[in-house]
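Just so you know, ligand 1 is whichever comes first in the structure, and atom 1 is the first atom listed for that ligand. For the numbers below, each heavy atom of this structure counts, side chains included, while hydrogens, waters and symmetry mates do not.
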Amino acid sequence: MIDQARQVLKDTFGYDNFRLQQEQAITQILDRKDALVIMPTGGGKSIVYQIPALLFDGLTVVISPLISLMKDQVEQLREYGIDAVYLNSSLSHDVYDFNVRKVKSGKVKLLYVAPETLMMDKTREMLNNLTVDCLTIDEAHCISEWGHDFRPEYRQIAKLREDFPEAVCVALTATATPRVQQDIKSILKFDDSEEFISSFDRENLFLKVVDKKDPLNQLLDYLFTRKKQSGIIYCFSRRQVDELAEALEDEGYSVKPYHAGLSDGMRAGNQRAFIKDDVSIIVATIAFGMGINKPNVRFVIHYDMPQNIESYYQQIGRAGRDGLRSDCLLLYGSSDTQKIRYFINKKQGQEKEVAEKHLKDLVKYLETTDCRRKPLMSYFGENYPKEECGMCDNCLSVDDEVEDLTIQAQQFLSTIIRSGEKFGAGHIADILRGSKAKKVMENSHDELSTYGIGIDWSKDQWMQISKLLIRQEYISKGEHGNLKLEKSALAVLDGSENVFGTLDRSKTSLEGEAVVRTSSEIENEHDAALFDLLRLKRKELADEQDIPPYSIFPDTTLIEMAYFFPQSKESLDPLYGVGNVKKEKYGDAFIGVVKKYAAEHKVEERKKSLEKKVVATKKIGEKYEVIGEAFNAGQSIELLAEEHGVKDMTILKHLKDFLDAGNELRLEGLLNASSLSLRQRDQVLKAFKKKGPLMLRPVYDELNKTIGYDELKIIQLYYMASEK
Ligand code: ADP
Ligand code: ZN
């Protein structure tokens, strides 16, 4: 069966290989066993039920809470030549009846319905007379009260299952919290063997956080070189959205606002314009994004701080669904933190605690000097396996030189003490710089002995010192943003401890690493002028049919055309996203554009073979290799740690990288670093067996949080090494 599925993947969708856990999940569904599929946004969940739907004889019913998305999905399926319809309250009476007749005729393979439509007697009646082979529940987190988007009507779906005892059930979501996963499974009565969790890392997203200085100009600098690209800019408030949208429009950008204060019609119109590439940029509050399937969103910018990591991740997830490099940029200003703190202080009890924890996790992400994927993935219970991702600002910044900042640190710390630990960083900086600000004068802080001694340094530099001291835990922030000394600060003040760090002065440009390119030769070297012409052709074809351009071909396909210059239908075959139906329908139109261009510019067709070449770039002498080989040669973990001056856990990480790079690892000695009892080890190994070895969080929960992550990492490595 899976061979047939592979054939459909190529012939219908035009893709060569399955991604992530698609293949495993599809195999399971074709075996008629229920499946819970958890993949990040853009991971490719749809194909997991669409391919079985095409292979089953009967109907696949897809329940989705997002009415706007249904239309979009059905349009896309029709472009692939797949018979699909939808039923929801947005349809006119006539169209509704027409669709019902189509379903009854048995021709339709996929039926998309809203939950409330499904609950209606006439819908149930219609379905009772048909063979339903698969019941798919999209956005399955809506079933759980613990999800961020609970919908009571979703609860009734569980009962509906009983009406179709023969149908296999597939639940899909991008929500990673174990609590929600558990809920979905228990409500739908799935048991444990039916889970497919993919990694949440989206490799094509470039992550960058910059200090918010002069946000509008920072933004304009960034947009300047991206006139034609699609993107979303998130703001905190409706007013901010309106103002920013207007400012960008004044600068000549194609932009529309989106927030809950606009009329329904206006919102829908602006969203549709964005989807159809009629406008490039949407400036929005968090109200925007649900049900946006547009694959070529090239940037998501947070003009203000997001609420928490979970919603941040969801929002940046809307970038780069097509797998091409996309930018996720965040402007980080301390006044934003204060705003959030202000709202937190209005809450009480547990709610307040949770909000504080969220803020803390977020700030940890924002202020890390490590690879940003580490705190991000660890928030989702995943262990980021690499030392550097090469796709975040921290991994790409040239190593700044570490300076001795002891004197400045002492000045800063003593100013905090002298002003009674009651003030925030800005005020301390003002005192040091001898400012005549009202607040300084009113508090007679011009009389302090440190007043004006820091004039050589800019306010920004002092603010950076403050952050650095917080990071290094010499000071902490009090309830009102006031700075307080920690015990360790005393050693700095009395000169027995030095403070080292880097003050980066380049952290304000959103542009920065614009030169960074992806590892894809095709993405980097395609002919941009031809790409633009192909886009125009696509837009023309889309407008003729009133469908979004991406449902004709994604950008990736056009980029491949602009690299390979295909001039016959056969040479379209190996290209990404070219299935048989689309080839027949649109092939000639695009080949026409390529031919004309190739003749004018005297370029020749390049052949793309069906076999993808794998370019292995192996750097020699990587640290993990040195350590991996030494370990295999018999050295112990402790000895290696001693020799390299690092902790045992660091050695384990190198060993994991070594393993991940495809090497084998000897098993003896691996468990020496563990202090678990044999029984506990056995329990952990069983948990990995059950939950899969890739993620720690599910295993941690499975063991009722009794065994810490470090121990889990050791056993994980052992488990993975023994599976080789
Ligand atoms: P999700 O629902 O998980 O957010 P989608 O199902 O919309 O993601 O898929 C995201 C994009 O990836 C779509 O354009 C889809 O056609 C494409 N895609 C899915 N599976 C594959 C695959 N195996 N190879 C290449 N592209 C794929
Ligand atoms: Zn990184």
S.K.: Hey, are Arg373 and Asp201 close enough for a salt bridge, meaning a charged N less than 4.0 Å from a carboxylate O?
M.R.: yes

S.K.: Does the plane of the ring in Tyr112 sit parallel, tilted or perpendicular to the ring in Tyr49? Use 30° and 60° as the thresholds.
M.R.: perpendicular

S.K.: So does Lys583 pair up with Asp573, basic N to acidic O under 4.0 Å?
M.R.: yes

S.K.: Is the positively charged end of Lys582 above the ring of Tyr80, judged by distance under 6.0 angstrom from the centroid and angle within 45° of the axis?
M.R.: yes

S.K.: Go around the Zn ion (ligand 2) and count every protein N, O or S atom nearer than 2.8 Å.
M.R.: 4

S.K.: Can you list everything that forms a ring-ring contact (aromatic ring centres under 6.0 Å, His included) with Tyr312? Sequence neighbours excluded, please.
M.R.: His302, Tyr365

S.K.: Enumerate, one pair per line, all nitrogen or oxygen atoms of ligand 1 lying under 3.5 Å from a protein nitrogen or oxygen, stating the separation to 0.1 Å; write 'none' if no such pair exists.
M.R.:
| unit_1 | atom_1 | unit_2 | atom_2 | d |
| --- | --- | --- | --- | --- |
| ligand 1 | 3 (O) | Gly43 | N | 3.4 |
| ligand 1 | 3 (O) | Gly44 | N | 3.0 |
| ligand 1 | 3 (O) | Lys45 | N | 2.9 |
| ligand 1 | 3 (O) | Lys45 | NZ | 2.9 |
| ligand 1 | 4 (O) | Gly42 | N | 2.6 |
| ligand 1 | 4 (O) | Arg321 | NH1 | 3.1 |
| ligand 1 | 6 (O) | Lys45 | N | 3.3 |
| ligand 1 | 6 (O) | Ser46 | N | 3.0 |
| ligand 1 | 6 (O) | Ser46 | OG | 2.6 |
| ligand 1 | 8 (O) | Gly44 | N | 3.2 |
| ligand 1 | 12 (O) | Arg19 | NH1 | 3.2 |
| ligand 1 | 12 (O) | Arg19 | NH2 | 3.4 |
| ligand 1 | 16 (O) | Tyr15 | OH | 2.5 |
| ligand 1 | 20 (N) | Gln22 | NE2 | 2.9 |
| ligand 1 | 23 (N) | Asn17 | O | 2.8 |
| ligand 1 | 23 (N) | Gln22 | OE1 | 3.0 |
| ligand 1 | 26 (N) | Arg19 | NH2 | 3.3 |
| ligand 1 | 26 (N) | Tyr576 | OH | 2.8 |

S.K.: Using ring-ring contact (aromatic ring centres under 6.0 Å, His included) as the criterion, list what pairs up with Phe56, not counting sequence neighbours.
M.R.: none

S.K.: Would Phe380 and Tyr313 count as a close aromatic pair, with their ring centres under 6.0 Å?
M.R.: yes

S.K.: Assess Arg325 against Phe206: is NZ or CZ under 6.0 Å from the centre of the six-membered ring, and within 45 degrees of the ring's axis?
M.R.: yes

S.K.: Tell me whether Arg78 is salt-bridged to Glu75, with the criterion being a basic N under 4.0 Å from an acidic carboxylate O.
M.R.: no

